[in-house]
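All values below were derived from every heavy atom in this structure, side-chain atoms included, with hydrogens, water molecules and symmetry-related copies excluded. Sequential numbering from 1 along the given sequence is applied to the chain's residues.
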Amino acid sequence: MNALRTATVTTADTKEVIEALPVLGNWYNGDGYDWMGRVEARGWHVISGWGCDGWDLGSWPYIMIAGIRTRDAAGELWGMASYCEGDVTTAWHRTRQAHWEEISRHAHFHWQSGQSEGPATLPATAEKMPPEWKRPYGEPIR
């Protein structure tokens, strides 16, 4: 099972090289619900709703986004994994804001393509979305 391993990664936002972070890999040993159970048992959380109105983040069980937060000696680290019918990519960020921006780019893509139900009107790019659309559902703007 290669769904979870540790690896040396480079954070997407600060370009730091960090050793021994959990990385989620491709998963072809069942469906998305099997993947969800496997990764959530290892501390990841599959995110169902995004933005102020809790729009769909993905299209379960085919498309899912998972997140995790940990820390090292330098501070917090935020992991994000994108699952699409068994193909998985993982990215790490040093800041929560960069992590949320990455998830928002995925949300925008899936909303724009009609793969997920999102806002009725959507700007051309994720960067132009209002701040209240670029955070986990239920998370207040700070």
Verify, without hydrogens or angle tests, whether Gln112 (side chain) and Leu122 (backbone) share a donor-acceptor contact under 3.5 angstrom.
no

Distance-only, no hydrogens or angles: does the Asp13 side chain make a donor-acceptor pair with backbone N or O of Ala98 under 3.5 Å?
no

[X] [atom1] to [Y] [atom2] distance, which is reported to the nearest 0.5 Å:
| X | Y | atom1 | atom2 | answer |
| --- | --- | --- | --- | --- |
| Lys134 | Met129 | NZ | CE | 6.0 Å |
| Ser48 | Trp60 | OG | CH2 | 5.0 Å |
| Leu21 | Thr70 | CG | OG1 | 7.5 Å |

Please lay out, stage by stage, how Trp133 and Ser104 fare under the test side chain to side chain contact (heavy atoms under 4.5 Å, CB included).
CA-CA 8 Å; Trp133 293 8; Ser104 295; over 6 Å; no

Show every salt bridge (charged side-chain N to carboxylate O under 4.0 Å, His left out) that has at least one partner inside residues 14-26, sequence neighbours left out.
Glu16-Arg94

Residue list, side-chain hydrogen bond (donor to acceptor under 3.5 Å, both in side chains) with [X], at least two apart or on another chain:
| X | result |
| --- | --- |
| Asp53 | none |
| Ser116 | none |
| Asp34 | none |
| Ser113 | Gln115 |

Inter- and intrachain pairs under side-chain hydrogen bond (donor to acceptor under 3.5 Å, both in side chains), touching residues 80-90, at least two apart:
Tyr28-Asp87

With the side chain counted from C-beta on, respond yes when Glu40 and Val46 share a heavy-atom pair under 4.5 Å apart, and no when they do not.
yes

Answer whether the closest heavy-atom distance between the side chains of Ile65 and Met80 falls below 4.5 Å.
yes

Residues Ile18, Thr8; criterion side chain to side chain contact (heavy atoms under 4.5 Å, CB included); working and verdict:
CA-CA 6 Å; Ile18 302 174; Thr8 300; over 6 Å; no

Could you work out, with side-chain contact (heavy atoms from CB on, under 4.5 Å) as the rule, every residue matching [X], not counting sequence neighbours?
| X | result |
| --- | --- |
| Ile68 | Trp44, Trp92 |
| Lys128 | Pro123, Thr125 |
| Ala91 | His93 |
| Arg69 | Glu76, Trp78 |

Not counting sequence neighbours, list each pair that qualifies as a ring pair (Phe, Tyr, Trp, His ring centres under 6.0 Å) and has a residue in residues 102-123.
Trp55-Trp111

Applying side chain to side chain contact (heavy atoms under 4.5 Å, CB included) to Val9 and Val23, what does each step give before you reach the verdict?
CA-CA 8 Å; Val9 302; Val23 174; 3.6 Å; yes

If every non-hydrogen atom of Pro61 is compared with every non-hydrogen atom of Tyr33, which pair is closest and at what distance?
CB-CE1, 3.4 Å

Count the heavy atoms belonging to other residues, nucleotides or ligands that lie under 6.0 Å from CD of Glu117, then report whether that count exceeds 12.
no

Give me the other members of the hydrophobic cluster that Tyr62 sits in, counting Ile, Leu, Val, Met, Phe, Trp and Tyr linked by side-chain heavy atoms under 4.5 Å, directly or via other members.
Ile63

Test side chain to side chain contact (heavy atoms under 4.5 Å, CB included) on Arg135 and Arg96 and set out the steps.
CA-CA 10 Å; Arg135 60 182 168 83; Arg96 180 182 71 175; over 6 Å; no

